[in-house]
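Counting convention: from 1, in listed order, for ligands and their atoms alike.
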Amino acid sequence: MADSKRLYIVLISVHGLIRGQNLELGRDADTGGQTKYVVELAQVLSQHPDVERVDLFTRLVNDHKVSPDYAEPVEMLNDRARIIRINCGPRRYLRKEVLWPYLDVFADELLRHVRQSGRMPDVIHSHYADAGYVGCRVAGWLGVPLIHTGHSLGRVKRQRMLDNGSKPEAIEEQYHFKTRIEAEETTLASAAVVIASTHQEVDDQYRVYDNYSPHRMAVIPPGVDTKRFYPIKILDQPPPIFQDLSRFLNQPYKPFILCLSRPVPRKNVSALVKVYGEDRELQERANLVLILGNRTDISKMEASPRQVFGELFSLIDRYDLYGRVAYPKAHSSDDVPDLYRLAAQQQGIFINPALTEPFGLTLIEAAACGLPVLATADGGPRDILGNCDNGLLFDPLDPKDIRRALHAAFADQVQWQTWAANGLKGIETHYSWKSHVENYLAKIETLAQKSVISILSPRRTEPEIWATPASAAPPSVSTSRNRLLDLDRLLISDIDNTLIGDKDALIALMEEIAKHPGMGFGVATGRHIESTLMVLEEWGVPLPDVLITSVGSEIHYGPQLVPDTSWQQHINYRWQPQRVQQVMNNMAGIVLQPKVNQRRHKISYIVDPAAAPEIDQVLRYLRQQKLQVRGIFSHEQFLDILPLRASKGDALRYFALKWGYPLKKLLVAGDSGNDEQMLTGNTLAVVVGNHSPELEKLRDRSDIYFADGHYSWGILEALRHYNF
Ligand code: GLC
Ligand code: MG
């Protein structure tokens with residue numbers, strides 16, 4: 001492939017602890033298979049000849065409770081792949097469920113990085129819902145295809161918890177499913193391709209999403225790292241972990257029933273211990289080896305692992321399994337392949353009894369070391385055993401069935417050998433990273449139409465990067481040089497109830513702006529351009545440098561009011577206005593606003609809250625009709641339906657990128673729902689004192705200034721607050 005065509009791939013995996021060496025797998029709920037998946041994906045992709053470079057973006061964690069490795073802004077994985085860590089929110093290590101409020105900053109920081117790096121990514125690939133939230137924003141602003149891998153799905157997890165008797169309010173409080181599912185839906189609406197590991201994931205799990213589009217999904221199972229996971233027939237000497245296991249076992253050379261998982265109830269380890277505990281014959285045949293993450297003090301662990309260990313210890317005691325079960329406190333990631341090989345050498349078996357198993361990376365690792373497997377009859381194991389024929393499936397809820405599988409594993413030596421050999425063969429054909437990357441690149445190379453926009457920044461301090469075809473250059477404005485090229489910061493304000501409302505305040509604000517020649521002025525409004533010009537004239541406001549109108553669906557540059565047509569093209573993505581209108585026609589209590597408010601990329605309604613369904617329901621219904629749109633509700637009565645990529649906040653970022661303004665050089669002001677997207681993230685932001693209730697929820701965000709002053713008094717207050 002020609003150099004210019006080689007791909008630059010951006011991967012995003014926000015949560016957990018990610019580094020190139022010694023991943024702390026199983027340290028907690030956020031350091032499972034995904035962290036490993038993304039690091040290996042970055043490594044193998046970067047070694048492919050069609051790939052120029054891979055950057056894996058994750059959250060920077062600077063916390064004395066974890067290794068300083070996670071506080072390094074850049075870590076080289078090899079000469080073509082890096083981990084780049086981005087600051088967002090507090091610096092300490094946080095569980096993924098509480099990261100949501102900080103993701104707008106993550107997105108803005110990623111965007112800044114892309115600008116500074118000098119290279120437009122060819123694709124952005126997000127992993128899990130939080131990265132999806134970031135990815136669809138950044139991919140939207142840049143106009144590059146988004147690839148997404150879910151890893152686990154909110155709707156599915158939530159349902160499982162409800163089925164297990166959890167209270168909806170309690171799990172919502174802890175897991176923030178509403179936010180997560182919303183992010184997943186938006187990601188599915190935006191993604192060009194969704195990559196799944198198994199067919200069940202596509203057929204059963206994604207199906208419960210409104211934006212389920214199987215034709216955009218590809219099943220490409222992950223690969224196993226065969227440099228670490230390979231078979232050895234006869235070990236020269238027992239590996240280091242053997243010593244540890246021997247402390248537990250009377251007869252450490254007996255075959256192992258090996259189980260390796262995080263200590264969470266879903267993994268169903270207690271069912272295995274019960275079956276083993278009640279079966280004398282099995283105890284004679286084999287030892288039970290349980291590798292359940294690392295622990296120091298159980299009493300200091302979270303509730304769910306504490307519960308798992310509590311149950312485990314009491315079962316071991318109840319069945320008096322001392323000397324037969326090993327459950328070491330700690331192991332390193334290097335011990336893992338040793339454990340599989342050790343078990344294989346003794347003709348033991350690997351078992352995964354989880355209640356559900358979306359993929360089951362351990363199964364293919366065991367197989368790659370020549371160890372046959374027994375596994376729960378669920379999505380991942382079904383595909384894996386279907387491809388490899390290297391063991392048996394069982395029903396994890398049926399102890400008899402678990403027992404049957406375990407006995408079968410030790411009954412027939414020839415069968416065992418066949419399984420072991422099948423596993424090795426199956427891994428090479430179906431689960432090598434080599435085959436993964438071939439399939440992956442074949443898929444994304446079909447998308448690799450280069451981004452339609454390019455961004456010009458002729459004189460900003462941050463280096464400019466994208467080659468700019470003449471057509472996409474910022475409009476040249478007759479003979480005079482556009483002011484936007486020479487300003488160093490901009491105040492961008494909403495109009496109604498923010499900029500206007502108090503005449504004296506407005507005059508004071510305009511005087512203040514006039515004192516600072518480096519400070520530009522823009523508006524961002526729900527009004528269409530004609531109505532914007534009218535109201536500005538009426539209130540005596542000079543023509544702004546930029547006008548973002550119709551809730552962000554249109555951008556004009558002043559004073560000649562040159563429309564940004566590339567923005568129009570950019571947001572046209574997946575926009576089907578006629579169908580939106582058809583579907584909305586049937587909604588009770590919702591009527592179209594007057595014709596003048598309807599624009600090419602904005603369809604606006606008035607909602608009668610007494611008669612209309614909840615706004616969330618309306619938007620869900622649109623999604624279920626396969627309409628990928630964005631709905632924005634303001635002043636408790638206006639509902640604007642816009643293309644996915646449009647909002648005031650998105651228009652603002654596009655504008656900033658195009659003209660080379662760092663977001664920290666934009667001070668934005670607003671009062672209502674349609675301002676929200678521009679207030680969050682890296683922009684400096686003020687909510688005026690007279691704001692509507694829907695913005696109250698932003699109050700606990702420390703980076704948004706809530707002014708006391710109403711209307712433009714609030715803006716003046718913010719100019720002082722930020723020393724703008
Ligand atoms: C302005 C627009 C209207 C829109 C509202 C909320 O009032 O004229 O169409 O619905 O802002 O964004
Ligand atoms: Mg307003």
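W659 and Y557 share a side-chain donor-acceptor pair at under 3.5 Å.
Below 4.0 Å from some heavy atom of G526 lie the following atoms of ligand 1, by number and element: 1 (C), 2 (C), 8 (O), 11 (O). Near K602, meaning under 4.0 Å from one of its heavy atoms, ligand 1 places the atoms 3 (C), 9 (O). In summary, the atoms of ligand 1 found under 4.0 Å from a heavy atom of V551, numbered by their order in the structure, are 12 (O).
Annotation: the span from F521 atom CZ to D545 atom CG amounts to 9.0 Å, rounded to 0.5 Å. To the nearest 0.5 Å, atom CD1 of residue I603 and atom CZ of residue R600 are 12.5 Å apart. The OG atom of S126 sits 4.5 Å away from atom CG of L146, with the distance rounded to the nearest 0.5 Å.
For R137 and Y133, the positive end sits near the middle of the six-membered ring, less than 6.0 Å away and at most 45° from its axis. Relative to the ring axis of F724, R489 places its NZ or CZ within 45° and under 6.0 Å from the centre.
Of the candidates N597, I603, N674, T532, it is N597 that places a heavy atom closest to atom 8 (O) of ligand 1. Considering each of I641, D675, D640, D494, the one bringing a non-hydrogen atom nearest atom 12 (O) of ligand 1 is D640.
Considering only non-hydrogen protein atoms, atom 7 (O) of ligand 1 sits nearest to F638 CE1, 4.3 Å. Shortest contact from atom 3 (C) of ligand 1 to any protein heavy atom: Q593 OE1, 3.2 Å.
Considering just the N/O/S atoms of D494, the one nearest the Mg ion (ligand 2) carries the name OD2. The closest approach of D671 to the Mg ion (ligand 2), by N/O/S atoms, is made by OD1. D496 has its closest N, O or S atom to the Mg ion (ligand 2) at the position named O.
In summary, D210 and R155 engage in a salt bridge, as defined by a charged side-chain N under 4.0 Å from a carboxylate O.
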